[in-house]
Number of protein chains: 2
Amino acid sequence: MSIAYSGAMPAPSRIHRDQVVAAARVLLERGDSALTMQAVAREVGVRAPSLYKHVRDRDDLVGLIRDATIVDLTEGMLEIDAPSASDRIIAYARHVRAFVARWPLGSQLLFQRADAHSTRDLLQRAAAPVVRTCAELVGHPHALDAARTLTAWVYGFSRMEQADAFNLGHDTDRAFEFGLKTIVGTMTPTR
Amino acid sequence: MSIAYSGAMPAPSRIHRDQVVAAARVLLERGDSALTMQAVAREVGVRAPSLYKHVRDRDDLVGLIRDATIVDLTEGMLEIDAPSASDRIIAYARHVRAFVARWPLGSQLLFQRADAHSTRDLLQRAAAPVVRTCAELVGHPHALDAARTLTAWVYGFSRMEQADAFNLGHDTDRAFEFGLKTIVGTMTPTR
DNA sequence: ACCTGAACACCGTTCAAGT
DNA sequence: ACCTGAACACCGTTCAAGT
């Protein structure tokens with residue numbers, strides 16, 4: 001045997017917090033009431049009380065889901081690399097829409113009141129690529145305002161779409177592209 | 001005594017469903033976990049089991065909160081009456097923002113998945129004034145698209161604001177007016 | 001015909017006891 | 001040092017018994 005091992009050695013953790021959070025994210029998508037500590041525990045092959053070695057309580061777990069969701073979204077944003085700034089903005093918006101469609105419940109946590117400083121940092125990091133690209137398009141003085149306008153719209157639209165509000169159902173893609181063109185149009189004056 | 005009364009007469013309901021829902025709306029704003037059947041019951045002066053004469057279960061109650069919230073929002077919209085169409089659009093947007101600020105948790109229900117047909121109808125009725133005014137501004141072909149773009153933005157912005165996301169804190173009013181001017185600007189070409 | 005106490009199921013959480 | 005069964009508190013919900 002390659003590694004010295006003693007039977008009296010403390011038991012190494014069989015699970016990692018990331019696995020817990022990942023399992024919880026999936027369960028949440030089956031509805032808020034599906035996210036029970038027992039279900040999460042079963043999913044990671046352990047009993048419910050063991051989870052409290054990795055998360056403080058259920059609220060803490062939900063907070064961790066939120067953080068993981070923001071990080072996941074950010075990673076997708078960072079993979080986007082289009083030549084022109086306006087193409088990049090468009091790609092960002094489409095990515096957010098697809099992300100919300102993939103994690104409808106999880107993405108609802110994004111803009112839930114967040115007191116935790118760390119969460120606010122993560123949100124800021126997620127927004128950075130959009131703000132940067134907006135700066136290229138409209139200059140620094142209005143970059144932040146423009147980025148917020150785009151973000152608010154794309155988030156709101158995606159949420160409405162998931163809720164199937166306003167009978168958006170019929171032609172969602174067309175409706176999305178209309179709004180996108182409208183918003184991006186204000187950043188790229190015809191020349 | 002003015003009304004004939006018999007002691008054997010069935011007891012008339014001491015509470016009305018509207019009171020239950022109204023109490024529940026207020027409790028929800030203290031956090032989702034504050035909305036317990038017992039708390040609602042206490043608020044209307046009754047015991048928890050009695051509530052089941054008026055609502056099917058807790059999920060049903062939340063659905064009723066959502067519906068009442070939409071109706072409340074709609075009533076506020078209908079009170080708005082500005083001379084010019086663009087002034088009305090601006091007033092609608094500001095009203096939504098103020099409404100979300102007043103009912104942050106309740107308004108989160110607005111764009112939660114709704115299967116109930118009645119809820120979809122209520123949402124449509126809430127949107128009607130905005131759609132109508134957009135038609136005045138941009139003509140019928142794009143009225144729906146324009147209304148959706150505005151609605152998505154104002155809802156998204158308000159939600160971000162309530163979440164205190166992106167450190168919006170500093171100058172929210174200015175940020176809101178910037179976005180509003182941007183969106184309304186696309187509906188009222190400078191002439 | 002509404003209201004209630006008692007009872008039950010289920011979930012979050014703690015903790016002493018295992019390994 | 002992690003894991004677990006047992007136990008407890010709390011909440012949603014049902015129901016038989018009151019009026």
Side-chain angles (χ1 to χ4, degrees), chain A residues 1 3-66 105-106 109 112 116, chain B residues 1 3-66 105-106 109 112 116:
Chain A
M1 53 200 89
I3 303 180
Y5 178 83
S6 147
M9 213 175 178
S13 185
R14 294 208 311 247
I15 56 175
H16 198 298
R17 198 167 80 164
D18 294 354
Q19 302 171 49
V20 174
V21 176
R25 280 184 72 189
V26 174
L27 281 168
L28 174 59
E29 294 301 330
R30 302 198 68 81
D32 192 71
S33 62
L35 182 65
T36 68
M37 299 302 275
Q38 314 191 21
V40 175
R42 190 183 325 120
E43 215 61 38
V44 298
V46 95
R47 301 295 186 141
S50 298
L51 296 177
Y52 293 82
K53 286 279 160 189
H54 302 92
V55 304
R56 197 171 50 246
D57 53 26
R58 192 182 182 277
D59 276 356
D60 184 45
L61 177 57
V62 173
L64 293 170
I65 293 177
R66 189 229 298 261
L105 277 300
L109 300 177
Q112 208 128 337
Chain B
M1 56 201 89
I3 302 179
Y5 178 82
S6 148
M9 214 175 175
S13 185
R14 293 209 309 248
I15 56 175
H16 198 299
R17 198 167 81 166
D18 294 355
Q19 300 172 49
V20 175
V21 176
R25 279 183 74 189
V26 174
L27 281 168
L28 174 60
E29 294 301 331
R30 302 198 67 82
D32 192 71
S33 63
L35 182 66
T36 69
M37 299 302 274
Q38 314 191 21
V40 174
R42 189 183 325 120
E43 216 61 37
V44 298
V46 96
R47 301 293 188 145
S50 299
L51 296 178
Y52 292 83
K53 287 279 161 188
H54 302 92
V55 305
R56 199 171 48 247
D57 54 26
R58 191 181 184 278
D59 276 356
D60 183 45
L61 177 57
V62 173
L64 293 170
I65 293 178
R66 190 229 298 261
L105 277 300
L109 300 175
Q112 209 128 335

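Chain letters run A, B, ... following the sequence lines, proteins first, then strands; residues in each count from 1.
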Rounded distance (nearest 0.5 Å) linking atom [atom1] of [X] with atom [atom2] of [Y]:
{"X": "B/Glu43", "Y": "B/Thr36", "atom1": "CD", "atom2": "OG1", "result": "10.0 Å"}
{"X": "A/Leu51", "Y": "A/Gln38", "atom1": "CG", "atom2": "CD", "result": "10.0 Å"}
{"X": "B/Leu105", "Y": "A/Gln112", "atom1": "CG", "atom2": "CD", "result": "7.5 Å"}
{"X": "B/Leu109", "Y": "B/Asp32", "atom1": "CG", "atom2": "CG", "result": "8.5 Å"}

query = With respect to the side chain of B/Lys53, which nucleotide from D/dC3, C/dC2, C/dT13 is positioned closest?
reply =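 Shortest atom-to-atom distance from the side chain points to C/dC2.
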
ask   = B/His54 side chain: which of D/dT13, C/dC3, D/dT4 is closest?
value =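 Per side-chain heavy atoms of B/His54, the pick is C/dC3.
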
Smallest separation among heavy atoms of [X] and [Y], with atom names:
{"X": "B/Ala48", "Y": "B/Ala41", "answer": "N-CB, 3.4 Å"}
{"X": "A/Ala34", "Y": "A/Ala39", "answer": "O-CB, 3.8 Å"}
{"X": "A/His54", "Y": "A/Ser50", "answer": "ND1-O, 3.5 Å"}
{"X": "B/Ala24", "Y": "B/Leu35", "answer": "O-CD1, 3.5 Å"}

ask   = By side chain to side chain donor-acceptor pair (under 3.5 Å), which residues pair with A/Arg58, not counting sequence neighbours?
value =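 In terms of side chain to side chain donor-acceptor pair (under 3.5 Å), with neighbours along the sequence ignored, A/Arg58 is linked to no residue.
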
Roughly, in whole Å, what's the span from [atom1] in [X] to [atom2] in [N]?
{"X": "B/Ile15", "N": "C/dC2", "atom1": "CD1", "atom2": "P", "result": "10 Å"}
{"X": "B/Leu51", "N": "D/dC15", "atom1": "CG", "atom2": "P", "result": "17 Å"}
{"X": "A/Tyr52", "N": "D/dT4", "atom1": "OH", "atom2": "C1'", "result": "14 Å"}

For DNA chain D, the residues among residues 57-65 of chain B that have a non-hydrogen atom under 4.0 Å from it =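 When residues 57-65 of chain B is checked for heavy atoms under 4.0 Å from DNA chain D, the hits, listed by number, are B/Asp57, B/Arg58.
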
message = Under the side chain to side chain contact (heavy atoms under 4.5 Å, CB included) test against B/Leu64, which residue among B/Asp18, B/Val20, B/Val21 passes?
response =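 Going through B/Asp18, B/Val20, B/Val21 one by one, the side chain to side chain contact (heavy atoms under 4.5 Å, CB included) with B/Leu64 is satisfied by B/Val21 alone.
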
request  = Find the runs of at least 3 consecutive base pairs, i with j, i+1 with j-1 and so on, that include DNA chain C, using Watson-Crick or G-U wobble geometry with both distances under 3.5 Å.
outcome  =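 Stem segments, range with range: C:4-8 with D:12-16, C:12-16 with D:4-8.
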
key: Any B/Arg14 side-chain nitrogen or oxygen under 4.0 Å from OP1 or OP2 of C/dT4   =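 Yes.
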
task = Would you please confirm or rule out a distance under 4.0 Å between OP1 or OP2 of D/dT4 and any side-chain N or O of A/Ser50?
result =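 Answer yes for this pair, as a side-chain N or O of A/Ser50 is under 4.0 Å from OP1 or OP2.
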
Minimum side-chain heavy-atom gap B/Met37-B/Val55 below 4.5 Å =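 Yes, their side chains come closer than 4.5 Å.
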
ask   = With no hydrogens and no angle check, is any side-chain donor or acceptor of B/Glu29 less than 3.5 Å from a backbone partner on B/Gly106?
value =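 Side chain of B/Glu29 to backbone of B/Gly106, a donor-acceptor pair under 3.5 Å: yes, one is there.
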
Can you pull every protein N or O that's under 3.5 Å from an N or O on nucleotides 5-7 of chain C?
residue	atom	partner	partner atom	Å
C/dG5	OP2	B/Arg47	NE	3.4

inquiry  = Reading DNA chain C from 5' onward, which residue's closest nucleotide shows up sooner: A/Gln38 or A/Arg56?
reply    =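 So the residue in question is A/Gln38.
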
key: Any residue of residues 17-37 of chain B with a heavy atom less than 4.0 Å from an atom of DNA chain C   =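 Within residues 17-37 of chain B, no residue comes under 4.0 Å of DNA chain C.
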
inquiry  = So, using salt bridge (charged side-chain N to carboxylate O under 4.0 Å, His left out) as the criterion, who are the partners of B/Asp60 when residues are at least two apart?
reply    =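 Per chain and number, B/Asp60 pairs via salt bridge (charged side-chain N to carboxylate O under 4.0 Å, His left out) with B/Arg56.
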
